[in-house]
Amino acid sequence: QNDTAVSTWLAIVYCVIEKGTMESTNNVIGYSEQRSPKRRRIPTKTFEADLATHDVMEEEERLLAIAIANSQKDKGRKPVTNIPFGPTFYPTVEDFSGDPLLYIKKIRSVAEKYGICRIVPPKGWSPPFALNVDSPKKFQTKDQSIHRLQEGISFGDGDDYTMKEYQKMSSNWSKEWKKKHYSAPDESSRGDPKASIPGSPETKKSESQSPGAPVSSSVEHIDSKEMKHGVNNSQPKMTPESLEQDYWDIVETQLHEIDVDYGNDVDTTEFGSGFPISDRGRSVNSASFQAGQLDGDLPEPAFATKEYYKETFWNLNNIPNSKNSVLRHLKVGINGINVPWLYFGCLFSTFCWHNEDNYMYSINYHHKGAPKQWYGVPGTKQDADGVERVFKSYLSMKMRDVPDLLHHITTSFSPRLLNQEGVRVCKLLQHEGEFIVTFPRAFHGGFSLGPNCGEAVNFALHDWIPHAVDANERYRSFGRPSVFSHDRLVYTMAHHVNALRTKEICASLSKELRRLMEEELLLRQKLIKAGVRDVSKDVELPPNRLDQLDEESADYDDKRLCHSCKHICFFSAVCCECSDRKVSCLRHSHYMCRCSIKRKYILIWTPENEMRETISRVEKRGEELNCSAPSEQSNTSSIRGGPLEDAAGSQKDRVIHQSYEVPVHPICPVDSVPDLVSSDTSICSLSQLKDRPEL
């Protein structure tokens, strides 16, 4: 937050109060005229353990040693192959010619039970791969110690790479693992030596295939006999199932020491998106991005045309701005929220257990390369609490010092372990050209099976509102800033009342608006009765802007973060004469300072009558829709179902998981790239642990 701006803003109010000049301050207390650059998420503070400065009790060390020993000695642990497969959906060309959020809304009743789902585009889907693979730009990576993922330690910095450099490193690492663990004594004895030997004509052909070629052909056209028996029974195949077992052997038993560099959260505004950019201003990254209405009068381009891939809302740059997305009201780019992030993965690079910011939906597209192994947990309160219970049980010491460890996204526990603790888990294998959708509050995680490139972004349907409330309260309990103001977004939705399309949405929104109003008015009354001065009638504050959430609005919100819980004080704030920097939400004004209550004053941006009028408009809209709009299914995410089973039609997915040979080649030609020279042994290295002492 801008300390200088906050200081100036509060100093003005303070001076007005001290001098007794209670006159209009519209000209000075207002929105900043100078716009800030594109907003970025506030990075999460990572925990770095320093045993030299922390007096860890011997008893706690003993308990940690026991926990690690139990994990290593768990010889009878169930294989992760028993985890049920989640649902896969196959939309039609007609579905892909419309709004993806309407399709997701249609499948939600089935998919949400699993927390995640896979969407396979129809035949003909072949978007161009828009990234410049020859770009000299480098991206940063994180150094992940795979054998220590259960410890909750923060990731260090890996090397910086160009796209080609990363692909060469990643491909070499996959080949090294395959040679060490999946090569027959006599390579020439294989049934088809050209099938997967790097450098063969077939491999070169696959490496140089046209960008965006549909990859499902590499899976769907596998001969059934080959899937069941392999090319040669004597030749071990590096399949998703075998790599999955390798991975969890490393994580759970530390069988090998493995460190990899993972290119996560790469900014598409700087490095580029894998999708082409809209010419109609549908993307925040579009040069013609408009703050007003979308181009609803223009016809949609025909499926699979060049223009289609630019303008379709299945393009991850565009989906947050769909007319059915709540996030379309965000007119400021927020990385990873309405601006996609790129992900460059290699064998075993991991996206650890987490749920999305503000419990939003997410959609991940696999552009090119080896598959990704995904795991999902339903977004019910019981399952989400179960994941946290496992973290607290196995990392009690760490979570004592880092209560929000889950938000750091640095820890992975086996699905087997979660199942053992009563948490329901499913899995999916994502091939290139396919989407994975995660649902509100659903924990998810996974890892890559080789060199690949993906892209992800958030979106939100109107059914997300109850989840947003839960997320907002959770963040306040940790003192964690939200990526945007929940209160502002809810009121902005209410401002666009004609965009509310069902009576259920209106009911959900009006319920939240009423909850906010009742708490706000109750706390205002208590504080004023206790002696806090209400100066809102004497100091005229600029009204909250409700038509959209843009840079000016977001910058202004940054000036009124509660010093205690980091909540954005959208409706009102408490200040004190002792500080020209601190503000507080109405809940935590008593934590702000030890000054007398007489020195504190309250600033009000949203008066009571405005709140009541807003609720009235939403309720009136709901009444209008009561007769004209069909009813929707209520939100069932809070209702826990029975045990998860393989989703319908997943038998083929299980066969592919057992028999598909994972590619090791890079996603682009790398012959011209010199071998990387680095003193950092963490770059995709492995070493067999020998004579490991038992704890």
Check whether [X] reaches the backbone of [Y] with its side chain - one donor and one acceptor, N or O, closer than 3.5 Å.
X	Y	answer
Arg480	Lys566	no
Tyr262	Tyr343	no
Glu455	Gly274	yes
Arg621	Leu500	yes
Ser510	Glu619	no
Asn458	Tyr361	yes
Asn364	Ala456	no
Asn285	Val339	no
Arg533	Lys598	yes
Gln144	Phe155	no

Task: Side chains of Ser362 and Thr438, donor plus acceptor under 3.5 Å - done: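 Their side chains do contain a donor-acceptor pair, which is all the 3.5 Å distance test asks for.
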
Open item on the list: Are Phe351 and Trp374 an aromatic pair, judged by ring center distance below 6.0 Å?
Closed with: yes

TODO: Kindly state whether the ring of Phe391 and the ring of Trp353 have centres lying under 6.0 angstrom apart.
DONE: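 No, ring centres 6.0 Å or more apart.
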
- [ ] Give me the one residue out of Asn321, Asn317, Ile277 that meets side chain to side chain contact (heavy atoms under 4.5 Å, CB included) with Ser286.
- [x]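 Per the side chain to side chain contact (heavy atoms under 4.5 Å, CB included) rule, the option paired with Ser286 is Ile277, out of Asn321, Asn317, Ile277.
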
- [ ] Can you spot which of Leu513, Asn544, Leu509 makes a side chain to side chain contact (heavy atoms under 4.5 Å, CB included) with Tyr491?
- [x] Leu513

Task: For Lys137, all residues meeting side-chain contact (heavy atoms from CB on, under 4.5 Å), sequence neighbours excluded - done: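 Result, side-chain contact (heavy atoms from CB on, under 4.5 Å) vs Lys137: Ser135, Phe271.
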
What I'd like to find out is whether the side chain of [X] reaches to under 4.5 Å of the side chain of [Y], using heavy atoms alone.
X	Y	answer
His444	Glu356	yes
Leu316	Ile363	yes
Lys600	Cys595	yes
Arg612	Asn609	no
Thr606	Met611	yes
His486	Arg476	no
Met517	Glu520	no

Task: Approximate separation, where rounding is to 0.5 Å, of Glu608 CD and Leu521 CG - done: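 So the gap between those two atoms works out to 4.5 Å.
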
Task: Residues that Arg587 engages under salt bridge (Lys or Arg N to Asp or Glu O under 4.0 Å), provided they are two or more places apart - done: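 With neighbours one apart ignored, the set is Glu473, Glu519.
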
Task: Salt-bridge contact Glu512-Arg515 (side-chain N to carboxylate O under 4.0 Å) - done: yes

Open item on the list: Tell me whether Arg545 is salt-bridged to Asp550, with the criterion being a basic N under 4.0 Å from an acidic carboxylate O.
Closed with: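 Counted as a salt bridge, because a side-chain N and a carboxylate O are separated by less than 4.0 Å.
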
Open item on the list: Which label fits His367 and Tyr365: parallel for a plane angle under 30°, tilted from 30 to 60°, or perpendicular past 60°?
Closed with: perpendicular

